[in-house]
Amino acid sequence: MAFGAETISLAAGRKLYVEGAPADCAFVVARGEVALYRTVAGSQHIISVERRGSILGQFALIADGERLTGALAQSDVQVIRLGRSMFLKVLEEYPDLAVKLHSRITADLEAMLNRMAKVMGRLVEEE
């Protein structure tokens, strides 16, 4: 899928995207570490740290919406930006890939929701 995709490099501490921003693409971590976070009461709470091979914002490839988390470079990173239109063209040409990606996106969504529930549970306990 990397053909036709854009490569982006970010220095440690730079934001890749913020919560609530329009989601029009996904990112594959090619190098480095990216922290996914939620902001609660003005403080950033890290949900997970993603490494090489991780797909960030994959739901943007299949539906319009907003970013559920923010993404921050934990180290110097390189990511590959995958736009929705390019992604859909790839799926048309490689339908077997669509089945594999559907399974991965479903599993990633379940894992992310579980991590978010744990973080939110801890925050509620702190109040």
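All values below come from the heavy atoms of this structure, side chains included, with hydrogens, waters and symmetry mates left out.
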Joint hydrophobic cluster, Leu56 plus Leu113, side-chain heavy atoms closer than 4.5 Å
no
Taking the side chain as every heavy atom from C-beta outward, state whether Tyr37 and Lys15 have any atom pair closer than 4.5 Å.
yes
Run the salt-bridge test on Arg14 and Asp76 with the 4.0 Å N-O cut-off and return the result as yes or no.
no
Mind checking whether Leu10 and Val34 sit in one hydrophobic cluster, side chains of I, L, V, M, F, W, Y counted as touching below 4.5 Å?
yes
Hydrophobic cluster membership, Leu82 vs Tyr94, 4.5 Å side-chain cutoff
yes
Do Ile46 and Gln44 touch side chain to side chain, with heavy atoms closer than 4.5 Å?
no
Quick check: closest heavy atoms across Ser43 and His45, and the distance to 0.1 Å?
O-CD2, 3.2 Å
Could you state the interatomic distance from CD (Gln74) to CD (Glu50), rounded to the nearest 0.5 Å?
11.0 Å
Cluster link Ile8 to Val77, ILVMFWY, side chain under 4.5 Å
yes
Between the main-chain N or O of Val49 and the side-chain N or O of Arg51, is there a donor-acceptor pair closer than 3.5 Å?
yes
I need the minimum non-hydrogen distance between Gly32 and Ser75, along with the two atoms involved.
CA-OG, 3.4 Å
Please identify which of these residues, Val28, Asp24, Thr7, meets the side-chain contact (heavy atoms from CB on, under 4.5 Å) condition with Arg81.
Asp24
For Thr39, all residues meeting side chain to side chain donor-acceptor pair (under 3.5 Å), sequence neighbours excluded
Glu19
Can you hop from Leu16 to Ile55 via hydrophobic side chains spaced under 4.5 Å?
no
For a quick test of your reading: what N or O donor-acceptor pairs under 3.5 Å do the side chains of residues 57-71 make, sequence neighbours left out?
{"residue": "Gln58", "atom": "NE2", "partner": "Asp108", "partner atom": "OD2", "Å": "2.7"}
{"residue": "Asp64", "atom": "OD1", "partner": "Arg84", "partner atom": "NH1", "Å": "2.6"}
{"residue": "Asp64", "atom": "OD1", "partner": "Arg84", "partner atom": "NH2", "Å": "3.2"}
{"residue": "Arg67", "atom": "NH1", "partner": "Cys25", "partner atom": "O", "Å": "3.1"}
{"residue": "Arg67", "atom": "NH2", "partner": "Cys25", "partner atom": "O", "Å": "2.9"}

